[in-house]
Amino acid sequence: MLSILHELNDRLKVALGQAFPAAAAAAEAEGSALDAQLGPASKPEFGDFQANGALALAKRLGMQPRVIATALVEKLEAAAGFSDLCERPQIAGPGFINLTIKPERLAAEVASRLQDPRLGVSSAAEESEAQGRGLAPVIVDFSSPNIAKEMHVGHLRSTIIGDSLARVLEFRGYQVLRLNHVGDWGTQFGMLITHLKQVAPEALSTADAVDLGDLVAFYRQAKQRFDSDEAFQSTAREEVVRLQGGDPVSLKAWHLLCAQSRREFQQLYDRLDISLNERGESFYNPLLAAVVADLEASGLLVSDGGAQCVFLEESSAHKLPPVIVQKSDGGFNYATTDLAAIRYRFAAPPAGDAARRVIYVTDAGQASHFAGVFQVARRAGWIPADGRLEHVPFGLVQGEDGKKLKTRSGDTVRLKDLLDEAVERSEADLRRRLQEEQRSESEEFIQQVANTVGLAAVKYADLSQNRITNYQFSFARMLALQGNTAPYLLYALVRIAGIARKGGDAGVIGDAGNTGDAGNTRDSNQITGLFSKLQFHEPQEWALVRHLLGFDAVIAEVEEELLPNRLCSYLFELSQVFNRFYDQVPVLKAPPEARNSRLALCRLTADTLKLGLGLLGIPTLERM
RNA sequence: GGGGCUGUAGCUCAGCCGGAUAGAGCGACGGUUUCCUAAACCGUAGGUCGUGGGUUCGAGUCCCGCCAGCCCCGCCA
């Protein structure tokens with residue numbers, strides 16, 4: 001409905017100019033045009049849209065709000081074509097203008113979406129092409145585990161939220177660089193390499209000689225020796241120097257450790273169907289000296305206690321710690337790496353990505369770090385005027401006791417274990433239900449459904465919450481079959497698939513969001529024939545129509561605000577509206593003149609759910 | 001000590017540019033199945049939007065103070 005919203009807004013703007021020419025011209029001259037404050041209606045009984053501008057303009061124009069509203073409505077109604085778009089506007093309360101779109105127009109929108117694999121969402125790529133300019137890539141920096149360590153619950157939110165944001169941006173037509181900024185460089189490699197050289201020297205001379213097996217245990221052993229053995233410690237320190245000096249044997253050992261970790265991470269990414277390009281901290285290593293030199297040249301660098309720092313501009317009298325870019329021992333640290341990354345990502349190729357939007361999905365605890373680093377980058381002139389640099393923070397994962405999520409024994413929860421448990425619980429639940437309903441299904445079906453539902457539940461539970469707040473993790477809640485959960489949404493889709501099997505044409509589009517491509521285009525002649533004369537009469541049909549048409553606006557919102565929970569709410573509400581329709585309005589048993597229109601609604605609902613869930617990284621099921 | 005985030009129904013949470021009577025879900029209580037998967041639907045009860053000021057025609061939303069919880073705070077990431 002974004003196109004209708006824009007059309008109405010344009011019409012309101014014209015009406016404002018006609019009704020109040022002097023004030024409109026004056027406002028225009030000031031650079032702040034009069035605003036009709038058009039937005040979606042706050043309640044269904046108010047229609048489709050409401051314009052609140054009359055209230056705000058009352059003081060400025062020195063008139064009663066209702067008088068302003070009346071004048072506006074008069075001009076609106078007099079304009080050519082308005083009555084084809086909209087019912088007579090209603091003035092309500094102190095001066096709200098309520099607008100209801102004509103049923104024929106809504107039905108036409110539904111018909112057009114049935115033929116549109118993008119479901120009404122415009123493509124940024126096509127838009128920029130039409131305007132004859134290029135579209136800069138967007139970078140989403142997410143997941144970012146550390147080499148030689150395990151992925152744990154702390155990586156869950158970044159990985160899931162980052163993937164979903166990337167999918168939405170990809171669907172909108174952007175080229176998205178999904179960067180995995182893995183921790184693959186730093187002093188811990190001294191001890192790891194030293195340990196490797198001592199316990200598995202053959203790995204360094206023979207190709208693929210050794211499978212390191214449990215890397216976590218390996219890391220623990222190395223750490224334990226580092227902490228207890230002084231000789232080991234000094235060897236490890238020398239090893240760091242060798243590695244940074246480019247010693248071939250040290251590099252080989254380093255590669256080996258990275259490759260091993262990469263394989264383990266990849267298993268989880270495959271399982272979650274998440275794609276990432278690894279570009280770890282080591283990538284920026286050769287660029288660090290230039291970062292410091294650049295800061296020096298721009299006069300931002302200050303030596304303080306032997307360390308090279310940039311002091312932050314403070315908005316008030318509060319004293320912020322400086323950003324240290326070079327330690328007193330000459331080494332660089334994480335702030336330097338982050339600065340090098342920002343510089344590279346905005347810079348022109350070949351020594352840069354030429355991005356214009358860079359998004360960091362990390363926990364909220366790093367907010368002040370990023371605020372500092374972003375400020376330094378800005379003052380250093382590395383961010384173009386049209387460049388956006390955004391930290392997308394999220395809260396902690398907590399247990400049901402409200403404390404940081406831990407296992408019973410107090411350890412960090414491994415991501416693998418967490419996913420396993422979700423799938424196991426989902427399987428147990430499914431088996432219990434099959435027994436209760438005396439259904440018999442193949443083992444393959446059970447595994448497939450349990451896996452899909454379990455992983456969907458984990459993803460959806462995370463995404464459906466506003467990411468800023470801490471997130472209380474609960475298997476029971478996320479796997480619940482009712483409420484705002486993945487199983488509830490998946491079930492709505494299963495119901496539609498059931499209608500399709502029993503004779504209704506559902507012809508749902510393919511797994512759109514998963515590929516960033518909306519899938520098969522349909523035979524438009526066939527569709528036009530089938531759904532050309534849509535007509536709706538029941539309130540449940542209209543509620544569904546109106547909700548379906550809101551999809552494009554939600555995608556636009558997620559693209560801008562980077563809040564996937566908005567998409568989740570939309571899909572949940574869509575499922576609710578659909579279930580009401582399904583419960584109260586027959587589809588297959590409807591009289592022929594209503595049947596096709598209802599089938600069309602079923603299909604568009606399925607398409608929308610499937611696409612929407614795909615953008616959350618959640619695949620769907622035909623039966624469950 | 002400084003900074004950030006959070007505080008909305010018993011619980012978990014939404015609440016978009018400030019807009020009409022603050023919304024869901026769970027839980028509780030009551031109802032609905034010869035009919036497309038009842039994993040659903042319908043209804044009832046439940047609120048000092050932490051608190052005190054301010055701005056505004058209008059504040060859960062913006063500004064200031066206070067209280068509480070969590071997180072961060074110079075050479076780890």
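Each chain gets a letter, A, B and so on, in the order the sequences are listed, and its residues count up from 1.
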K.L.:
Need the pair for B/U56. Rule: Watson-Crick or G-U wobble, both distances under 3.5 Å, any strand; none if unpaired.
P.N.:
none
K.L.:
From the options B/G19, B/A40, B/C42, select the nucleotide whose nearest atom is closest to the side chain of A/Gln37.
P.N.:
B/G19
K.L.:
Just wondering, are more than 12 heavy atoms of other shown residues or ligands nearer than 6.0 Å to CD in A/Gln435?
P.N.:
no
K.L.:
So which nucleotide does B/G18 pair with, by the Watson-Crick or G-U wobble rule with both distances under 3.5 Å?
P.N.:
none
K.L.:
Taking 4.0 Å as the cut-off, does a side-chain nitrogen or oxygen of A/Arg501 come that near to OP1 or OP2 on B/C36?
P.N.:
no
K.L.:
Determine the Euclidean distance between corresponding C1' atoms of B/G18 and B/G3; express it in Å to zero decimal places.
P.N.:
28 Å
K.L.:
Starting the side chain at C-beta, find the nucleotide from B/G19, B/C41, B/A14 nearest to A/Gln584.
P.N.:
B/C41
K.L.:
It should be established whether A/Asn466 places a side-chain nitrogen or oxygen under 4.0 Å from OP1 or OP2 of nucleotide B/C13.
P.N.:
no
K.L.:
Which of these nucleotides, B/U56, B/C41, B/A14, is closest to any side-chain atom of A/Gln465?
P.N.:
B/A14
K.L.:
For B/A40, does the base pair up with any side-chain atom of A/Gln482 as donor and acceptor (N or O, under 3.5 Å, distance only)?
P.N.:
no
K.L.:
Write down the distance between CZ (A/Phe332) and P (B/C76), rounded to a whole number of angstrom.
P.N.:
14 Å
K.L.:
Enter the distance from A/Leu8:CG to A/Asp48:CG here, rounded to the nearest 0.5 Å.
P.N.:
9.0 Å
K.L.:
For the side-chain contact (heavy atoms from CB on, under 4.5 Å) test, which of A/Ile359, A/Leu276, A/Asn180 pairs with A/Phe142?
P.N.:
A/Leu276
K.L.:
Output the distance between atom CG (A/Leu463) and atom OG (A/Ser569), rounded to the nearest 0.5 Å.
P.N.:
11.5 Å
K.L.:
From the set B/A39, B/A20, B/G74, return the single nucleotide nearest to any side-chain atom of A/Asp304.
P.N.:
B/G74
K.L.:
Measure from the side-chain heavy atoms of A/Lys502 and tell me the nearest of B/C36, B/A24, B/G15.
P.N.:
B/C36
K.L.:
Taking the minimum atom-to-atom distance to the side chain of A/Ser368, which one of B/G74, B/C41, B/C72 wins?
P.N.:
B/C72
K.L.:
Using the C1' atom as the reference point in each nucleotide, state the distance between B/A45 and B/G50 in Å, no decimals.
P.N.:
25 Å
K.L.:
Does A/Gly365 reach a base, just sugar-phosphate, or nothing at all? Heavy atoms under 4.0 Å.
P.N.:
sugar-phosphate
K.L.:
What nucleic acid atoms does A/Leu479 come within less than 4.0 Å of, heavy atoms only: base, sugar-phosphate, or nothing?
P.N.:
nothing
K.L.:
When both hydrogen-bonding distances must be under 3.5 Å and the geometry is Watson-Crick or G-U wobble, what is B/C66 paired with, if anything?
P.N.:
B/G50
K.L.:
For B/A22 and B/A59, measure between their C1' atoms and round to the nearest Å.
P.N.:
12 Å
K.L.:
What distance, rounded to whole Å, do you find between the two C1' atoms, one in B/U21 and one in B/C64?
P.N.:
30 Å
K.L.:
Can you tell whether the side chains of A/Arg432 and A/Asp429 come within less than 4.0 Å, N to carboxylate O?
P.N.:
yes
K.L.:
Taking the P atom of each, how far is B/U56 from B/C41, in whole Å?
P.N.:
46 Å
K.L.:
Between B/U12, B/A20, B/C42, which nucleotide gets closest to the side-chain atoms of A/Arg477?
P.N.:
B/U12
K.L.:
Please report, rounded to the nearest Å, how far the C1' atom of B/G25 is from the CD atom of A/Gln472.
P.N.:
14 Å
K.L.:
Check the distance between B/C13's P and A/Tyr471's OH and give it to me in whole angstrom.
P.N.:
10 Å
K.L.:
Under the criterion of centre distance below 5.5 Å and interplanar angle below 30°, is A/Phe572 classified as stacked on the base of B/A24?
P.N.:
no
K.L.:
Any side-chain N or O of A/Lys43 under 4.0 Å from OP1/OP2 of B/G23?
P.N.:
yes
K.L.:
Which is it for B/C17, anti or syn, if anything within 90° of zero counts as syn?
P.N.:
syn
K.L.:
Give a yes/no answer on whether the side chain of A/Arg595 brings an N or O atom under 4.0 Å of OP1 or OP2 in B/C36.
P.N.:
no
K.L.:
Report which part of the nucleic acid A/Ser328 touches: base, sugar-phosphate, or nothing (heavy-atom distance under 4.0 Å, all strands).
P.N.:
base
K.L.:
Is the closest basic N to carboxylate O distance between A/Arg157 and A/Asp363 below 4.0 Å?
P.N.:
no
K.L.:
Should B/U44 form a Watson-Crick or G-U wobble pair with both distances under 3.5 Å, which nucleotide is its partner?
P.N.:
B/A28
K.L.:
Under 4.0 Å from OP1 or OP2 of B/C35: is there any side-chain N or O of A/Tyr582 that close?
P.N.:
no
K.L.:
Given that A/Gln326 and A/Val585 both sit by RNA chain B, which one's nearest nucleotide is further toward the 5' end?
P.N.:
A/Val585
K.L.:
Side chain of A/Tyr334, heavy atoms from C-beta onward: which of B/A20, B/C72, B/C76 has the nearest atom to it?
P.N.:
B/C76
K.L.:
Distance between the P atoms of B/G10 and B/G4, in whole angstroms?
P.N.:
31 Å
K.L.:
Can you measure from CD1 (A/Ile496) to CD (A/Glu622) and round to the nearest 0.5 angstrom?
P.N.:
10.5 Å
K.L.:
Please report the distance separating the C1' of B/A24 from the corresponding atom of B/U34, rounded so that it comes out in whole Å.
P.N.:
34 Å
K.L.:
Nearest whole angstrom, please: distance from the P of B/A39 to the CD of A/Gln438.
P.N.:
14 Å
K.L.:
Starting at atom CZ of A/Arg66, determine the distance to atom C1' of B/C57, rounded to an integer number of angstrom.
P.N.:
15 Å
K.L.:
Answer with base, sugar-phosphate or nothing: what part of the nucleic acid does A/Arg623 contact at a heavy-atom distance below 4.0 Å?
P.N.:
base
K.L.:
Flag as yes if A/Phe96 stacks onto the base of B/A20 (centroids under 5.5 Å, planes under 30°), otherwise no.
P.N.:
yes
K.L.:
Under 4.0 Å between any heavy atoms, over every strand shown, what does A/Pro487 touch: base, sugar-phosphate, or nothing? Just pick one.
P.N.:
nothing
K.L.:
For A/Ala480, report the nucleic acid contact type (base, sugar-phosphate, nothing); a contact means any heavy atom under 4.0 Å.
P.N.:
nothing
K.L.:
Name the nucleic acid region contacted by A/Glu281, choosing base, sugar-phosphate or nothing; use a 4.0 angstrom heavy-atom cut-off, strictly under.
P.N.:
sugar-phosphate
K.L.:
For B/G43 and B/G25, measure between their P atoms and round to the nearest Å.
P.N.:
10 Å
K.L.:
Which is true for A/Arg439 with a 4.0 Å heavy-atom rule: it touches a base, it touches only sugar-phosphate, or it touches nothing?
P.N.:
base
K.L.:
Identify whether any heavy atom of A/Gly402 sits under 4.0 Å from a base atom; if not, whether one sits that close to sugar-phosphate; answer base, sugar-phosphate or nothing.
P.N.:
nothing
K.L.:
Determine which nucleotide pairs with B/G23, using a 3.5 Å limit on both distances of a Watson-Crick or G-U wobble pair.
P.N.:
B/C13
K.L.:
Checking A/Tyr460 against A/Asn484: is there a side-chain donor and acceptor pair closer than 3.5 Å?
P.N.:
yes
K.L.:
From the list B/A39, B/A14, B/C35, which nucleotide is the closest neighbour of the side chain of A/Asn565?
P.N.:
B/A14
K.L.:
Categorize A/Ala307 for me: base, sugar-phosphate, or nothing, with a 4.0 angstrom heavy-atom threshold over every strand shown.
P.N.:
base
K.L.:
State whether the distance check finds a donor on one side and an acceptor on the other, under 3.5 Å, for side chain A/Asn98 versus base B/A20.
P.N.:
yes
K.L.:
If you check the A/Ala56 side chain, which of B/C72, B/A14, B/C57 turns out closest?
P.N.:
B/C57
K.L.:
Closer to the 5' end of RNA chain B via nearest nucleotide, is it A/Asn579 or A/Leu55?
P.N.:
A/Leu55
K.L.:
Mind checking whether A/His181 and A/Tyr360 have ring centres under 6.0 Å apart?
P.N.:
no
K.L.:
Hey, is the side chain of A/Gln576 poking within less than 4.0 Å of OP1 or OP2 on B/G25, counting only N and O atoms?
P.N.:
yes
K.L.:
About how many Å separate CG of A/Leu544 and OG1 of A/Thr605, when rounded to the nearest 0.5 Å?
P.N.:
4.0 Å
K.L.:
Looking only at side-chain N and O atoms, does A/Ser42 come under 4.0 Å of OP1 or OP2 in B/G23?
P.N.:
no
